[in-house]
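Written out below as structure tokens is the structure these notes cover.
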2 protein chains.
Amino acid sequence: MELQLVNERRRGPYAAKRLSEFAERCRKGGLAVTPQRLAIIKVLLDSGDHPRADAIFAAVRLQHPHISLATVHRTLETLCDIGEARKVTLLHDVARYDGNVEPHHHVLCVRCKRVHDIEIPEVDKLLEGTPSLGEFSLLRCSLEIAALCKRCQLAEKRRRAQRHTT
Amino acid sequence: MELQLVNERRRGPYAAKRLSEFAERCRKGGLAVTPQRLAIIKVLLDSGDHPRADAIFAAVRLQHPHISLATVHRTLETLCDIGEARKVTLLHDVARYDGNVEPHHHVLCVRCKRVHDIEIPEVDKLLEGTPSLGEFSLLRCSLEIAALCKRCQLAEKRRRAQRHTT
DNA sequence: ACCTAGGTGATAATTATTACCATCTAGTTA
DNA sequence: TAACTAGATGGTAATAATTATCACCTAGGT
Ligand SMILES: [Mn+2]
Ligand SMILES: [Mn+2]
Ligand SMILES: [Zn+2]
Ligand SMILES: [Zn+2]
């Protein structure tokens, strides 16, 4: 099993490429290309540390002193919607607890946030023989599968049909 | 690759066993066995839905009308500390965003919450050929590795040494 | 039957996020 | 190019989860 920290050097070219395609991708997603959105995606692409909205706000303000924190929050969610960013904390809004402390994994509906347990024995063995990685000593691991439940799939379909008629 | 939803029938016996050992495990962890803690772990072991603190609060109140919501929050964190519960949302306190939208995984320090990217090509292929599981249509997946970074390991050591002298 | 470290309840404080709305502007149209 | 408008933004209020505080209580030990 090959577990390795991502090479930081690759980020430069990756960010440049993503940035050059950003305007086009916004249009494809039906979004206006605003200076605020450009500034936010730039900062995000330059960050390797999975930043919070307030950190991005601080960085963006150096160039755009008038930007609003609300815009940063909104924009980050919008970028995730069109696939230009990824929310690391899919379930961040409320703490969720589990009585099952055996190693296991989760499928979660990205819309209604329901979570179900799943078993993937292969993944449980993933850390065996790898006590540490770089500066991290590894404790345990869990796979998070993003999904759409039946109910939310139907709701999604209905909403699209609705939009199509108007 | 065997991906399967966890069998719900197993929860009954599992919960009974965990509950019967709970008092002893509290003592081992240096915790008092209070009626509140018992009520909370009971509710948690009976839940298959990864509940939030407020849901547990509501359920516990049916038997303990005087319990406080603060106690529920505190107790759930305490239970996680001694390994009697698991927090599904390790990074729930603030939303974190990622500019890297390529499939990749994360190591995170459970104390300082720093997050680093890692690559595990095998895991990226996990969902291939499995478009759905039960009522969930699968979108993507990401492995979360809980860890302790070097800095926090040292801090932990120092704290233990401190406690030992007093 | 005490004692006391630690636990609890009630409530205030904090903090991230969302809602709201007046104003502005990107991108389209004539 | 000028006018138009759907959608974006800024400023601020509202919301909601969690944590802090502190007087009182009690589990577990003597
Ligand atoms: Mn679970
Ligand atoms: Mn990442
Ligand atoms: Zn759903
Ligand atoms: Zn750390």
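- Using modelled atom types, one finds no donor on one side chain facing an acceptor on the other under 3.5 Å when comparing Thr78(A) with Arg37(A).
- Using a 4.0 Å cut-off, some side-chain N or O of Thr71(A) falls inside it from OP1 or OP2 of dG10(D).
- Considering only side-chain N and O atoms, His92(B) lies under 4.0 angstrom from the phosphate OP1 or OP2 of dT18(D).
- Side-chain proximity of Leu31(B) to dG7(C), dT8(C), dT18(D): nearest is dG7(C).
- Here dT25(C) presents its P atom at 13 Å from NE2 of His64(A), a figure rounded to the nearest Å.
- Comparing His73(A) and Gln36(B) against DNA chain C, the residue whose closest nucleotide sits nearer the 5' end is Gln36(B).
- DNA chain C is contacted by both Thr78(B) and Ala53(A); Thr78(B) maps to the nucleotide lying nearer its 5′ end (nearest heavy atom per residue).
- In this structure, the nucleotide among dG9(C), dA27(D), dG27(C) sitting nearest to the side chain of Ala32(A) is dG27(C).
- Rounded to an integer number of Å, the gap from Ile67(A) CD1 to dA8(D) C1' is 11 Å.
- Considering Arg10(B), Lys17(B), Arg18(B) in turn, Arg18(B) is the only one that fulfils the side chain to side chain donor-acceptor pair (under 3.5 Å) rule with Tyr14(B).
- Put simply, NE2 on His66(A) is 17 Å from C1' on dA8(D), counting in whole angstrom units.
- Atom CD1 in Ile56(A) sits roughly 14 Å away from atom C1' in dA16(C) (whole-Å rounding).
- Each of dA8(D), dG10(D), dA26(C) was ranked by its minimum atom distance to the side chain of Pro35(A); first place goes to dA26(C).
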Practice item. Go through the steps for His50(A) and His106(B) under the test side chain to side chain donor-acceptor pair (under 3.5 Å), then give the verdict. Key: CA-CA 10 Å; His50(A) 309 83; His106(B) 294 121; 3.1 Å; yes
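- Atom CZ of Arg111(B) is surrounded by more than 12 heavy atoms from other residues, nucleotides or ligands within 6.0 Å.
- Comment: Glu21(A) does not engage Lys28(A) in a salt bridge, judged by the lack of any side-chain N to carboxylate O separation of less than 4.0 angstrom.
- Between Ile40(A) atom CD1 and dT9(D) atom C1' the separation is 10 Å, expressed in whole Å.
- Ala70(A) comes within 4.0 angstrom of a nucleotide base, judged by non-hydrogen atoms across all strands.
- When distances are taken from the side chain of Ala95(A) to each of dT18(D), dG27(C), dA16(C), the shortest belongs to dT18(D).
- Each of dG9(C), dT17(C), dA17(D) was ranked by its minimum atom distance to the side chain of Val94(B); first place goes to dT17(C).
- In this model, the phosphate group of dT9(D) is approached by a side-chain N or O of Thr34(A) to a distance below 4.0 Å at OP1 or OP2.
- Straight-line distance from the CG atom of Leu69(A) to the P atom of dC20(C): 18 Å, rounded to whole Å.
- The interatomic distance linking Glu77(B) (CD) with dA20(D) (P) rounds to 11 Å, in whole Å.
- Here dT21(D) presents its P atom at 13 Å from CZ of Arg74(B), a figure rounded to the nearest Å.
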